[in-house]
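Structure first, then comments.
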Amino acid sequence: MANRIQTIIRTAAMIYAEDQSLQTVKSVRRRFIDAVLVNTDNTPQSIESIISSLQENHKLVVQENDIDSILNDNRYYEVIIGQKKSSNTYYLPQKRFLKLKEKSDYTIDDAINEYLTYNPGDKPEELRELLHRYLYSLLNTNIGAYSQLLERKGRISSPVIDSSSFCESEIETINGFIKWDNAPKNRALFEVVNYCIEYATAINSIDPQDVVSALRNKSLYLDNALIYRALGINGRPRKDRADNLLQRCVDSGQKLIISSVTRKEFFETIDFHIAQLRGATPYGSIDPSLFRKYTGGYTLYQFYHDWRKERSVYGFEAFRLHIKNEYDSLLRRYHIEEDFKQQFNEKDEERIEQYAEEIKQFKWQKNDTLHLNDARNMVWLELARNHCDSNVKDTKYYFVTSDRRLQEWDWQHSKNQPITMLPSQWLALLLKYFSQSNDDFKSFVSFLTIPNEKTEVTPEELQDILAGISEITEDFQKQNDIVSSL
C-alpha cells in the first residue's frame, strides 16, 4: 500500500500542477501519462508499459487506442522509433519534464514531514503510517463517490471512511493534522481529492466541460448538521467554513433548499436542547469552554452559554428567538428556499419505514426519529427526481450531508445517481471547476475531519453536571478543577 500511496501522492501533485484550463478527456488522460513518465524519471517507455503502469499504480484501465493519439502528439512527447510500432518508446521533452517535476515538488508527504518537525513524537514512522492509512481511505471514498457521480450508467460498490477503522486516539491524531493551520498542507490535501475527480473523468470518458455545465443549475437540499454549522451553533470556525461553501454554491449557480422535513427536524432539536437547558435550572454562570473540552466539540450548550454571558437580560424564549432570527437571516443571505410542496402518500410512508430500518443498520445512534427523518429526506429527493437520475447531467437534485453513514447506505441503495454528497465532495468540485483561494482550501479541509463517535460525556450530561457545580461556585477555574477531578 505504501508504494502505491506515494505514487498517487506524487501523481496528485503533478496533475494539479498542470494547466487546469485544458478541460478535455484527452488532457485528463495526458496528465496521468505525464505522471507515469515523471515518476520513472522520464525513462522512455512503450505504450504497453505505460498502460501497465496506469493499471498497476492507479487502477486506471485504458486501451491502446485511448492513448496512442495522445503519445504521438509531438507538442507533448518525443518518440524513439522501434523496429515496429509496438516497440516505439515515448518520453517527455527535457524542458517539459523539468517543469513538471519542479511544479510538483511539494506534496502531502512534504506536509506530513513538516508536521512531524513541528510536532515531534516518539514514533514518527507510526504517525506517518497512520496518516497514509487515512489518505488511502480518503482516496477510496472519493474515487468511489466521484466515479458514481460521473458514471453514465450503472453503479459500483463504494467504500466510506469508517471511523471504526481508527481508534479514538488515532482519530484525534488525524484530526489534529487536518486542523493544522498550514496553507500548503491544505492545498496538498485538495490535490489528493482533485486526483479522485480527474480519475473519475478519465475512467468514465466524460469531458470536464460537460461536468462544469452539469454542475450549474443544480438544486441542493441541505441537511440539519449543515444548518447548525452555518448558524454558528457548532462554533465560529465551522460557521465560516459553511458560509464559504454556501456562497460558493450560490456563485456557481446552484439553488439551495431546505425541505420541510429538515426544517421541522432543526427546530425540534433546538427545542429539545432548550428543554434540557431549562430542566437543569436554577444555575449560575457556567464556563462555556468546558463543553468543547469534554464533549469533543462546540455544541448548542456552549453556544447558549456564550450567548448568555454577553447579555444582562436573557431567557430561553429570547434564546430561541435569537436562533429563529439567525435562521431567517441565513435564508435571506443565501436565497435558500424552504420546500413544503412534497406530500407523502400511503406507499411513500411504507417506503419511508423500509428505508428507516435499512438506515438504522448503518448508524451508531439508537434514535428512531433521526432515522425516520433521514428516510423521509431520501424519499423526498427520489420523488423530486421523478426517475430523472440516469447521469449527472439529467439529475437536478442532491442532498448535501455530513452524515457519512447515510452516504454509505445511499451507495448501496441508489441504482443510478447517488442522492447524497458530502460537503467536502461538493466543494471540491466547485473549487476544481470554478475558482479557488487559500481560504477556500481551508474551508475544504475543515470538512475532512473524522467524527469521533465516542466522547467522555454527552453535552446533555455535562450541562446537568455544570448546573449543579454552578450552584456551588461561578468561578470558571474552580468549575474546571471540579470537572477535572470527576
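Bear in mind that the values here come from a model prediction, so they are computed numbers and not experimental data. Along the sequence shown, residues are numbered consecutively beginning with 1.
Rounding to the nearest 0.5 angstrom, the gap separating the CD1 atom in Ile178 from the CG atom in Leu131 is 8.5 Å. In this structure, the separation between CD1 on Ile323 and CG on Leu300 is 5.0 Å, given to the nearest 0.5 Å. Between atom CD1 of residue Ile174 and atom CG of residue Leu127 there is a gap of 9.5 Å, rounded to the nearest 0.5 Å. The structure places CD1 of Ile15 at 9.0 Å from CG of Asp34, a figure rounded to the nearest 0.5 Å. Here the CG atom belonging to Asn386 is positioned 9.5 Å from the OH atom belonging to Tyr397, to the nearest 0.5 angstrom. For the atom pair CG of Leu220 and CG of Leu256, the computed distance is 6.0 Å after rounding to the nearest 0.5 Å.
Listed by chain and number, the residues in a side-chain contact (heavy atoms from CB on, under 4.5 Å) with Asp240 are Arg236 (sequence neighbours excluded). The side-chain hydrogen bond (donor to acceptor under 3.5 Å, both in side chains) test applied to Ser259 returns Thr262, Asn377, not counting sequence neighbours. Legend: residues meeting side-chain contact (heavy atoms from CB on, under 4.5 Å) with Gln247, ordered by chain and number and at least two apart, are Val250, Asp251, Tyr334. For Ala242, the side-chain contact (heavy atoms from CB on, under 4.5 Å) partners two or more places apart in sequence, or in a different chain, are Leu226, Arg229, Ala230. For Arg216, the side-chain hydrogen bond (donor to acceptor under 3.5 Å, both in side chains) criterion is met by no residue, not counting sequence neighbours. Here Asp110 pairs with nothing under the salt bridge (Lys or Arg N to Asp or Glu O under 4.0 Å) rule; sequence neighbours left out. Partners of Asp328 under the side-chain hydrogen bond (donor to acceptor under 3.5 Å, both in side chains) rule, at least two apart in sequence or in another chain, are Lys324. Looking at residues two or more places apart in sequence or on another chain, you find no salt bridge (Lys or Arg N to Asp or Glu O under 4.0 Å) involving Glu357. Applying the salt bridge (Lys or Arg N to Asp or Glu O under 4.0 Å) test to Lys264 and every residue at least two apart in sequence or in another chain returns Glu268. In terms of the ring-ring contact (aromatic ring centres under 6.0 Å, His included) criterion, Tyr433 has no residue partners (sequence neighbours excluded). By the side-chain contact (heavy atoms from CB on, under 4.5 Å) test, Ala375 pairs with Ile352, Tyr355, Ala356, Ile359, sequence neighbours left out. Looking at residues two or more places apart in sequence or on another chain, you find a side-chain hydrogen bond (donor to acceptor under 3.5 Å, both in side chains) between Asp223 and Thr401.
Summarising the geometry of Val28 relative to Pro208, their closest heavy-atom pair is CG2-CG, 3.8 Å, with the distance given to 0.1 Å. Nearest heavy atoms, Ser424 versus Phe444: O-CE1, 3.4 Å. Across Asn244 and Asp440, no two heavy atoms sit closer than the pair ND2-OD1, 3.0 Å. The two residues Phe303 and Gly232 come nearest to each other via the heavy atoms CD1-O, 3.4 Å. Taking every heavy atom of both residues into account, Leu60 and Ala202 meet most closely at CD1-CB, 4.0 Å. What you find for Ser219 and Ile257 is that their closest heavy atoms are CB-CD1, 3.8 Å.
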From CA spacing to verdict: side-chain hydrogen bond (donor to acceptor under 3.5 Å, both in side chains), Asn416, His387: CA-CA 9 Å; Asn416 294 313; His387 305 292; over 6 Å; no
Stepwise, does the side-chain contact (heavy atoms from CB on, under 4.5 Å) test hold for Thr24 with Gln209? CA-CA 7 Å; Thr24 65; Gln209 290 291 354; 5.9 Å; no
Step by step, work out the side-chain hydrogen bond (donor to acceptor under 3.5 Å, both in side chains) result for Arg376 and Ser260. CA-CA 10 Å; Arg376 289 187 181 107; Ser260 64; over 6 Å; no
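Contact check on Lys341 versus Asp339 returns a salt bridge, with a Lys/Arg side-chain nitrogen under 4.0 Å from an Asp/Glu carboxylate oxygen. For the pair Glu408 and Arg404, the salt-bridge criterion is not met [side-chain N within less than 4.0 Å of a carboxylate O]. Salt-bridge annotation for Arg31 and Glu198: present, with a side-chain N of the basic residue lying under 4.0 Å from a carboxylate O of the acidic one.
You'll find the side chain of Phe177 reaches within 4.5 Å of the side chain of Ile108, heavy atoms only. Side-chain contact between Trp380 and Phe399 is absent, with no heavy-atom pair separated by less than 4.5 Å. In this structure the side chain of Val193 never reaches within 4.5 angstrom of the side chain of Leu189, judged on heavy atoms. Side-chain contact between Leu215 and Phe434: present, with at least one pair of heavy atoms (C-beta onward) separated by less than 4.5 Å. At least one side-chain heavy atom of Tyr327 sits less than 4.5 Å from a side-chain heavy atom of Leu231. Looking at heavy atoms from C-beta onward, Phe166 lies in side-chain contact with Leu130 at the 4.5 angstrom threshold. Side-chain contact between Gln425 and Gln407 is present, with at least one heavy-atom pair separated by less than 4.5 Å. Using a 4.5 Å cut-off on side-chain heavy atoms (C-beta onward), Leu149 and Gln417 make contact.
Looking only at distances, no side-chain donor or acceptor of Glu265 sits under 3.5 Å from a matching main-chain atom of Leu370. Judged purely by atom type and a 3.5 angstrom limit, Asp410 has no side-chain atom pairing as donor or acceptor with the backbone of Pro418. The backbone N or O of Asp181 lies less than 3.5 Å from no partner atom in the side chain of Lys185, so there is not a single donor-acceptor pair. Listed for the Tyr195 side chain is no donor-acceptor partner under 3.5 Å among the backbone atoms of Leu139. Using modelled atom types, one side-chain atom of Ser446 and one backbone atom of Ser443 make a donor-acceptor pair closer than 3.5 Å. Here the side chain of Lys179 pairs no donor or acceptor atom with the backbone of Thr449 at under 3.5 angstrom. Asn175 contributes a side-chain N or O that, together with a main-chain N or O of Ile450, makes up a donor-acceptor pair within less than 3.5 Å.
Between Phe441 and Phe190, the two ring planes are tilted [angle within 30° to 60°]. Under the 30°/60° scheme for interplanar angles, the aromatic rings of Tyr115 and Trp180 are found to be tilted.
More than 12 heavy-atom neighbours from other residues, nucleotides or ligands sit within 6.0 angstrom of CZ on Phe340. Atom NZ of Lys255 is surrounded by 12 or fewer heavy atoms from other residues, nucleotides or ligands within 6.0 Å.
Phe319 and Tyr304 have their aromatic ring centers within a separation under 6.0 angstrom. Under the 6.0 Å cut-off for aromatic ring centres, Phe266 and Tyr228 qualify, their centroids lying closer than that.
Cation-pi check for Arg385 over Tyr398 is met; the charged atom lies under 6.0 angstrom from the ring centroid and within 45 degrees of its normal.
Side-chain N/O atoms of Ser252 and Arg248 include no donor and acceptor closer than 3.5 Å.
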